[in-house]
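In what follows, a structure is listed as structure tokens, so that the remarks can point back to it.
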Amino acid sequence: MNQIMTLLNKELVESLKTFKLLAIIITFLIIGVLSPFIVLIMPDILESAVVDSGIEMVIPEPTADQSYMQFFSHINQLGFIVFLLLFGGILTNEISRRTLINLLTKGLKRHNVVLSKVLFILIIWTVIYFMSAMITYLYTVYFFDETVHHLPAALSTTWLYGIFLISLIFLFSAAFKNFIAVIFSIIGVVVVMMILTVFPSIEMFVPQHLLSLNMELIIGEKDLSDTLTPVAVTLSASILVFILSIFIFNKKTLV
Amino acid sequence: MLSESDWIIFLIPLILLQVILMITALVLIIRQTHFKYFNKIIWIVIVLLLNIIGPVLYFILERR
């Protein structure tokens with residue numbers, strides 16, 4: 001426990017000194033502000049385009065669910081990419097710089113290294129994600145009178161998907177030792193999951209399904225009971241992958 | 001339709017956040033003498049032209 005607290009402190013200092021923490025916090029703050037903003041300025045943009053082209057069309061009023069839709073698509077595109085780039089090397093950087101070897105020979109437990117990094121990255125992800133969601137929520141409540149369905153559940157599904165991606169960072173870091181290999185393996189897994197969600201019969205068992213589920217929850221097409229299977233699958237898959245990565249990292253030669 | 005004050009409560013935080021990130025990266029680039037990739041001028045251009053992604057790339061590639 002003592003080792004983990006010390007290592008957590010080390011991770012915090014390192015992410016502050018490399019400015020990664022600042023960069024990720026600012027990116028997620030921007031996503032939080034940008035999402036409702038885009039929805040609100042969209043009618044103005046459309047209107048100017050319509051006036052120029054001379055086509056007659058009715059411009060729909062912006063709605064609260066569009067604001068969350070924008071938030072989810074920004075997290076999926078910008079948020080996950082920046083997060084993976086900044087924190088995808090959390091384990092491989094230390095392996096390639098060989099900074100761990102001295103500590104490990106002096107009695108630092110290997111599983112404590114992985115556990116502290118997992119804990120650190122989970123805390124960062126949870127804090128920045130819900131901070132960003134809270135900002136979008138506050139702007140949305142201020143500008144739109146309507147309420148949306150199942151908002152906490154919809155927000156949590158994307159959060160859980162992020163945890164699954166984090167578990168993949170550790171699995172591939174333990175397996176490959178190389179940051180670029182980690183990033184491309186994760187992209188590979190995401191592409192495979194995207195292909196699998198095309199088949200309706202297995203869609204429920206693919207973590208990627210959580211990302212389409214959140215919108216269906218918000219507009220009220222799906223109910224909370226529909227989330228049980230994908231949430232259970234993603235949660236157990238993440239825990240399994242975390243355990244597997246600690247197991248692989250323990251067996252690994254680090255020179 | 002957004003009123004003028006509505007625009008301000010979006011634009012001020014958005015601009016402020018981008019500027020903080022950009023200036024942090026620029027200060028670090030100007031004080032740095034040896035670069036692993038590219039050189040000082042190219043990094044300054046990248047950070048100025050690419051919002052968010054530019055500074056993020058600099059932090060990942062040069063400051064690990």
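Note that the structure is predicted; figures quoted are calculated from it, not measured. For the numbers below, each heavy atom of this structure counts, side chains included, while hydrogens, waters and symmetry mates do not.
- For a residue to count as touching a neighbouring chain, one of its non-hydrogen atoms must lie under 4.5 Å from one of that chain's; by this rule P36(A) touches chain B with backbone and side chain alike.
- Atom CD1 of I60(B) is separated from atom CZ of F19(A) by 15.0 Å, given to the nearest 0.5 angstrom.
- F184(A) CZ: 12 or fewer foreign heavy atoms inside a 6.0 Å radius.
- The local environment of CE in M5(A) is sparse, with at most 12 non-hydrogen atoms from other residues, nucleotides or ligands closer than 6.0 Å.
- Counting non-hydrogen atoms of other residues, nucleotides and ligands closer than 6.0 Å to CE of M193(A) gives a total above 12.
- In this structure, the side chains of Y139(A) and F10(B) come closer than 4.5 Å at one or more pairs of heavy atoms.
- Per-residue counts of heavy-atom pairs under 4.5 Å with chain A were compared for L11(B), I20(B), L14(B); the largest is that of L14(B).
- With rounding to the nearest 0.5 angstrom, the CD1 atom of I52(B) is 4.0 Å from the CD1 atom of I30(A).
- The number of heavy-atom neighbours closer than 6.0 Å to CZ of F249(A), taken from other residues, nucleotides and ligands shown, is above 12.
- To the nearest 0.5 Å, atom CG of residue L17(B) and atom CD1 of residue I31(A) are 11.5 Å apart.
- For P13(B), the part sitting under 4.5 Å from any heavy atom of chain A is the side chain, from C-beta outward, and nothing else.
- Heavy-atom neighbours of chain A within the stretch residues 22-31 of chain B, taken at a separation under 4.5 angstrom, comprise T24(B), L28(B).
- Within the 4.5 Å cutoff, side-chain heavy atoms of L78(A) are placed close to those of I53(B).
- Counting heavy atoms from C-beta on, the side chains of I41(A) and W7(B) come closer than 4.5 Å.
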